[in-house]
Amino acid sequence: MNGRIELKENERLEELGIDSLKIIQNRDMYCFTSDAVILANSVSASSSDRALDIGSGSFIMPMIIAAKKNVGRILGVEIQPEMCDMARRSIEYNSLGDKIEVMNADINDVKDSIGIFDIVISNPPYFTSGGMKEKEEIRIARHEVTLTLRELISAVRSTLKFGGSFYMVQKVSRLAEVIAVMSDADIIPKEITLIYPKASKEADTFIVKGKRGAKHGLIMKRFVVYNEDGSMTKEAEKMYFKDGRNG
């Protein structure tokens, strides 16, 4: 950590509770949620792996993976220049420039030129339509304005090596669609984790891990974020502290 950071209007520096990491957030733009934290912690990596994050937003996932996982290098591709600007300053502040590269681009334009990766991750837009009253920067992050699910999986197909792993979080309402689109691209869902806000509530989102060219066979898991009293479960709490480093 270099101890110096430039904050612009409406920006704040937020502690992640992970190895003293801090990240720049802007109240007028899309801010990360616990889904991104859970997804990043689900990734398994080795020191020789190259990872790609499609639609990196604030680059919360590359930062967590770089800090907690034994990954070689991570490229994040984000279409919004303002998000990339914040990400570059966050990465510099946390001295993670040797691990993370920021690319301001539309993945549809660069998917065939950025190379092949061992791991691809994405926290994509959840909604196919709507959001017309939201700010454009937030609408792009939440709705399929610039990247549809099929376009995302096509980009994964172009950038993921045979046998490589793909990780994504999405709404439970789109589970069947995700399985179908991934399977059509020969990225076979191997593990699905349903994410429950509380054990007493219905699952709202899920994480899927797929492998390119794998045989069919699916494992189902569950993850509960909060106890009934509103405190974090032990499993969720580990994601925000050093003892989850090798998780």
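These numbers come from a predicted model, not from an experiment.
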Got a second to check how far [X]'s [atom1] is from [Y]'s [atom2], nearest 0.5 Å?
X	Y	atom1	atom2	result
Phe166	Ile153	CZ	CD1	4.0 Å
Ile54	Glu78	CD1	CD	11.5 Å
Leu21	Tyr93	CG	OH	10.0 Å
Met86	Leu7	CE	CG	10.5 Å
Ile192	Leu175	CD1	CG	4.5 Å
Ile5	Asn94	CD1	CG	7.5 Å

Using modelled atom types only, decide if a donor and an acceptor are shared between the side chain of [X] and the backbone of [Y] within a distance under 3.5 Å.
X	Y	value
Tyr226	Ala236	no
Arg139	Val145	no
Ser90	Ile24	yes
Asn227	Asp229	no
Glu144	Leu149	yes

Give the minimum heavy-atom separation between [X] and [Y], together with the two atoms involved.
X	Y	value
Ile74	Pro62	CD1-O, 3.4 Å
Asn26	Glu9	ND2-O, 3.6 Å
Leu218	Glu191	CD1-N, 3.6 Å
Lys190	Gly217	NZ-O, 3.3 Å
Ile91	Gly97	CG2-N, 3.6 Å
Ile65	Ala40	CG1-O, 3.8 Å

Can you tell if the side chain of [X] reaches within under 4.5 Å of the side chain of [Y], non-hydrogen atoms only?
X	Y	value
Ile207	Phe223	no
Pro197	Val225	no
Asn41	Lys68	yes
Leu16	Phe32	yes
Ser42	Lys209	no
Ser165	Lys211	yes

Would Asp186 and Arg212 count as a salt bridge (Lys or Arg N to Asp or Glu O under 4.0 Å) if you check the C-alpha gap in whole Å, the side-chain angles of each, and the deciding distance to 0.1 Å? CA-CA 6 Å; Asp186 198 30; Arg212 183 174 176 191; 5.3 Å; no
Could you walk me through whether Ser58 and Glu14 pass the side-chain contact (heavy atoms from CB on, under 4.5 Å) check? CA-CA 12 Å; Ser58 63; Glu14 185 169 325; over 6 Å; no
Looking at Tyr196, does the NZ or CZ of Arg222 lie under 6.0 angstrom from its six-membered ring centre and within 45 degrees of the ring axis?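 Pair Arg222/Tyr196 counts as cation-pi.
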Before you tell me yes or no, could you show the steps for Lys8 and Glu11 under salt bridge (Lys or Arg N to Asp or Glu O under 4.0 Å), namely the whole-Å CA-CA distance, both residues' side-chain angles and the distance that decides it to 0.1 Å? CA-CA 6 Å; Lys8 299 180 180 180; Glu11 291 182 350; 5.9 Å; no
Evaluate Ile140 against Met83 for side-chain contact (heavy atoms from CB on, under 4.5 Å), listing each step before the verdict. CA-CA 12 Å; Ile140 287 172; Met83 299 299 287; over 6 Å; no
Take Ile107 and Val110, measure what side-chain contact (heavy atoms from CB on, under 4.5 Å) needs, and give me the verdict at the end. CA-CA 5 Å; Ile107 189 63; Val110 300; 4.1 Å; yes
Do Ser154 and Lys111 get their side chains close enough for a donor-acceptor pair, meaning under 3.5 Å?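 A donor-acceptor contact under 3.5 Å links the two side chains.
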Should the pair Lys221-Glu235 be classified as a salt bridge under the 4.0 Å nitrogen-to-oxygen rule?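 A salt bridge is absent here (no side-chain N lies under 4.0 Å from a carboxylate O).
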With hydrophobic residues grouped by side-chain heavy-atom distances under 4.5 Å, do [X] and [Y] end up in a single group?
X	Y	answer
Val208	Val169	no
Leu75	Met63	no
Ile121	Val37	yes
Leu152	Tyr30	no
Met239	Leu39	yes

Lys171: what forms a side-chain contact (heavy atoms from CB on, under 4.5 Å) with it, not counting sequence neighbours?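 Result, side-chain contact (heavy atoms from CB on, under 4.5 Å) vs Lys171: Tyr126, Phe127, Ser173, Asp204, Thr205.
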A quick test of your reading: do over 12 heavy atoms of other residues, nucleotides or ligands sit less than 6.0 Å from CD of Glu228?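 Yes - once you tally the heavy atoms of other residues, nucleotides and ligands closer than 6.0 Å, there are more than 12.
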For the CZ atom on Arg12, are there more than 12 heavy atoms of other groups (residues, nucleotides or ligands in this structure) within a distance under 6.0 Å?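 For Arg12, atom CZ is crowded (more than 12 foreign heavy atoms under 6.0 Å).
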With side-chain contact (heavy atoms from CB on, under 4.5 Å) as the criterion, how do Ile79 and Leu147 come out once you've worked through the C-alpha distance, each side chain's angles and the decisive distance to 0.1 Å? CA-CA 10 Å; Ile79 196 169; Leu147 185 69; over 6 Å; no
